[in-house]
Enquirer: 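Below is a structure I'd like to ask you about.
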Amino acid sequence: MAVRTIAAPPTPWSRNLAEPQIDESAYVHSFSNLIGDVTVRPNVLIAPGTSIRADEGTPFYIGESTNIQDGVVIHGLEKGRVVGDDSKEYSVWIGKEVCITHMALIHGPAYIGDECFIGFRSTVFNARVGRGCIIMMHALIQDVEIPPGKYVPSGAVITNQQQADRLPDVNQSDRTFADHVVEINEALRAGYRCAEDSACINPIRENLNDVKEGIKETQYKNSVETMSVNLDIRSSVRNLLSQGCTISA
Amino acid sequence: MHLPPVQPVSLSEIYVSGDVIIHDSAVVAPGTILQAAPNSRIIIGPGACIGMGVILNACQGAIEIETGAVLGSGVLMIGAGKIGKNACIGSLTTIYNRSVEPMVIISAGSLIGDSSRQINPVNGNGI
Amino acid sequence: MHLPPVQPVSLSEIYVSGDVIIHDSAVVAPGTILQAAPNSRIIIGPGACIGMGVILNACQGAIEIETGAVLGSGVLMIGAGKIGKNACIGSLTTIYNRSVEPMVIISAGSLIGDSSRQINPVNGNGI
């Protein structure tokens with residue numbers, strides 16, 4: 001499994017280069033960006049296009065069997081921590097069996113309890129979401145604590161505690177909808193494994209108007225294959241070297 | 001708008017997985033993710049324009065972006081559906097298992113195809 | 001100890017197709033698509049500022065961004081039209097076949113253009 005993880009870059013506030021701790025059974029897609037002190041527990045799935053950067057707020061914890069879908073961004077403010085279930089402090093704590101769906105933004109300090117569902121493009125920032133909550137799409141949860149088992153409808157903006165306290169409980173139809181979204185993700189999972197096998201990926205560029213030209217190979221390819229040193233990288237390396245970094249074996 | 005903004009992409013490639021066909025004359029910006037689950041497909045037609053950071057996840061059917069359609073940055077399209085000729089989908093829009101008719105313009109940050117429960121406002125104060 | 005792989009500091013990729021003229025002093029952010037159909041053109045004037053993930057798709061005419069105009073990130077401009085000097089188009093705005101007068105400020109997420117074919121989902125439950 002080719003996983004692209006990098007140690008957090010040295011920043012003025014933290015010279016500690018921490019590396020993600022990833023359980024063997026977790027699947028971190030190579031087209032994802034996983035940086036810094038992030039604990040990834042067993043059977044976690046981290047999809048392509050995700051950005052999980054514990055380079056400012058730190059550390060992060062992602063619990064067992066949790067699912068982080070495409071395009072999710074997880075980041076944290078330098079200051080501000082939540083207390084995880086292990087009584088330690090985290091910038092972002094995500095419990096077990098949580099589903100964070102496409103394009104969601106989890107910005108620490110943030111705590112997301114076990115079995116939560118965070119819908120497409122929703123934001124959780126400076127908030128605590130109790131166990132078993134279902135947050136639908138395009139919602140904003142900020143500066144509040146949401147009790148366990150609550151439902152947040154699509155488009156809701158929950159930014160004060162009175163609003164959070166008035167939220168309804170999750171019902172069966174909510175759960176069915178959330179389960180359906182998770183199912184779609186399971187189908188795509190098969191695609192990720194395929195992605196590791198270059199024989200399986202073969203996108204075809206086809207000129208639909210001119211059959212004579214036949215099938216052309218696309219220029220677009222899985223990014224795993226295209227890590228070469230170009231001019232930009234060279235000049236960046238020169239910069240780092242002049243700042244005193246060294247390259248050693 | 002309370003949605004997460006257009007996110008920068010750090011890789012200049014696009015990620016393609018599964019049965020994906022991109023017409024020669026279509027334009028696909030960097031950092032996009034085009035994924036078709038098994039038994040599904042994605043077709044990007046002639047002159048279509050797919051903005052930065054778009055995610056298309058085809059599942060249980062096909063996602064088809066017809067001739068000249070434009071998807072703004074950060075658009076998310078899940079499931080199966082067709083974006084009609086010359087339709088124009090504003091940035092950060094989410095489309096869940098729906099199609100869009102040709103020539104339609106959708107404003108940025110829209111949410112289409114969401115059939116989840118909505119809460120009726122009580123005393124005009126909503127939630 | 002090894003040097004961490006270098007993150008590209010700036011993704012300098014913009015996609016340009018067709019007759020597109022960008023003044024030397026204009027700034028165009030990464031991830032933008034500037035596409036002019038045949039018989040159309042795009043002109044980006046001096047000091048203009050085009051944000052990340054913008055898509056300009058000129059057809060049946062010209063898209064002209066005049067001196068000092070600013071387009072926020074994720075703006076989508078389709079068809080033909082002129083953005084006047086020093087106008088300021090908020091992020092995520094969609095403009096379809098319309099011009100904007102000089103010095104005008106448009107708030108983020110606006111939809112400007114032909115209103116005969118528009119869909120604007122309400123309450124998150126679109127079509």
Side-chain angles (χ1 to χ4, degrees), chain A residues 31 33 47-49 51 69-71 73 102-105 107 119-121 123 134 136-140 142 151-158 163 166-168 171 173-174 177-178 181 184-185 187-192 194-195 200-201 203-209 216 218 220-223 226, chain B residues 1-5 7-26 28 31-40 42-43 45-46 53-55 57-60 67 74 76 78-79 92-94 96-97 109-111 114-119 122 125-127:
Chain A
F31 200 87
N33 215 5
S51 172
Q69 293 187 359
D70 313 19
V73 173
H102 298 77
M103 307 271 201
L105 170 62
H107 204 293
F120 306 137
R121 223 186 290 271
T123 302
I134 292 183
M136 288 312 302
M137 313 175 192
H138 285 214
L140 171 64
Q142 181 175 337
Y151 176 78
V152 177
S154 292
V157 175
I158 310 291
Q163 293 170 315
R166 288 204 298 268
L167 291 168
N171 70 22
S173 70
D174 304 333
F177 191 95
V181 173
I184 291 187
N185 201 63
L188 288 163
R189 250 177 128 130
Y192 300 155
C194 167
C200 191
I201 286 221
I204 297 172
R205 216 149 209 239
E206 200 175 274
N207 186 332
L208 299 170
N209 286 332
K216 292 184 200 149
T218 183
Y220 300 123
K221 32 188 192 263
N222 186 319
S223 69
T226 53
Chain B
M1 202 176 269
H2 68 269
L3 301 179
Q7 297 289 340
V9 292
S10 57
L11 293 166
S12 55
E13 296 83 4
I14 72 174
Y15 174 82
V16 176
S17 162
D19 184 356
V20 178
I21 299 177
I22 305 173
H23 193 275
D24 266 349
S25 64
V28 182
T32 52
I33 295 182
L34 309 178
Q35 277 198 91
N39 298 324
S40 303
I42 295 178
I43 301 162
V54 161
I55 294 180
N57 275 179
C59 184
Q60 287 157 6
T67 305
L76 173 64
I78 309 271
L92 305 188
T93 288
T94 299
Y96 183 66
N97 265 324
S110 299
L111 176 53
D114 171 31
S115 55
S116 64
R117 172 166 64 124
Q118 272 297 315
I119 311 294
V122 176
N125 284 334
I127 297 174

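Convention: sequence-line order gives letters A, B, ...; per-chain numbering from 1.
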Enquirer: At a heavy-atom separation under 4.5 Å, does A:V152 approach chain B through its side chain, its backbone, both, or neither?
Expert: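 Contact with chain B is absent: no heavy atom of A:V152 under 4.5 Å.
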Enquirer: For each of B:G79, B:S40, B:G53, B:G74, tally heavy-atom pairs with chain A at distances under 4.5 Å, and name the one with the top tally.
Expert: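 Highest number of pairs under 4.5 Å: B:G74.
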Enquirer: What part of A:M103 gets within 4.5 angstrom of chain B, counting heavy atoms only: side chain, backbone, both, or neither?
Expert: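 Looking at A:M103, backbone and side chain both touch chain B.
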Enquirer: Of all heavy-atom pairs between B:I33 and A:P48, which one has the smallest distance, and what is that distance?
Expert: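 Answer, listing the atom of B:I33 first, then A:P48: CD1-O, 3.5 Å.
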Enquirer: Nearest 0.5 Å please: distance from the NE2 atom of A:H102 over to the CG atom of B:N57.
Expert: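 Separation between the atoms: 3.5 Å.
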Enquirer: Tell me the closest heavy-atom pair linking B:S116 and A:F177, and the distance in Å.
Expert: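 Distance-wise, the nearest heavy atoms are N-CE1, 3.8 Å.
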Enquirer: Do the non-hydrogen side-chain atoms of A:V73 and B:P4 ever get within less than 4.5 Å of each other?
Expert: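 Side-chain contact under 4.5 Å: no.
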Enquirer: Atom CG of B:L111 and atom CE of A:M137: how far apart are they, to the nearest 0.5 Å?
Expert: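 CE of A:M137 is found 6.0 Å from CG of B:L111.
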Enquirer: Give, as side chain, backbone, both or neither, the part of A:A178 having an atom under 4.5 angstrom from any heavy atom of chain B.
Expert: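 Interface part for A:A178: neither.
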Enquirer: Between A:R121 and B:L3 (side chain of the first, backbone of the second, donor and acceptor by atom type, cut-off under 3.5 Å), is there such a pair?
Expert: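 Here the side-chain-to-backbone pair does not exist.
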Enquirer: Give, for atom NE2 of B:H2 and atom CD1 of A:I158, the distance between the pair rounded to the nearest 0.5 Å.
Expert: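 CD1 of A:I158 is found 10.0 Å from NE2 of B:H2.
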Enquirer: In terms of heavy-atom pairs under 4.5 Å, which option from B:N39, B:T93, B:L34, B:I42 contacts chain A the most?
Expert: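 Sorted descending by pairs with chain A, the first entry is B:T93.
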Enquirer: If you round to the nearest 0.5 Å, how far is CZ of A:F120 from CD1 of B:I78?
Expert: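 The CZ atom of A:F120 is 4.5 Å from CD1 of B:I78, to the nearest 0.5 Å.
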Enquirer: Distance from A:H138 atom NE2 to B:T94 atom OG1, nearest 0.5 Å?
Expert: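 Going from the NE2 atom of A:H138 to the OG1 atom of B:T94 covers 2.5 Å.
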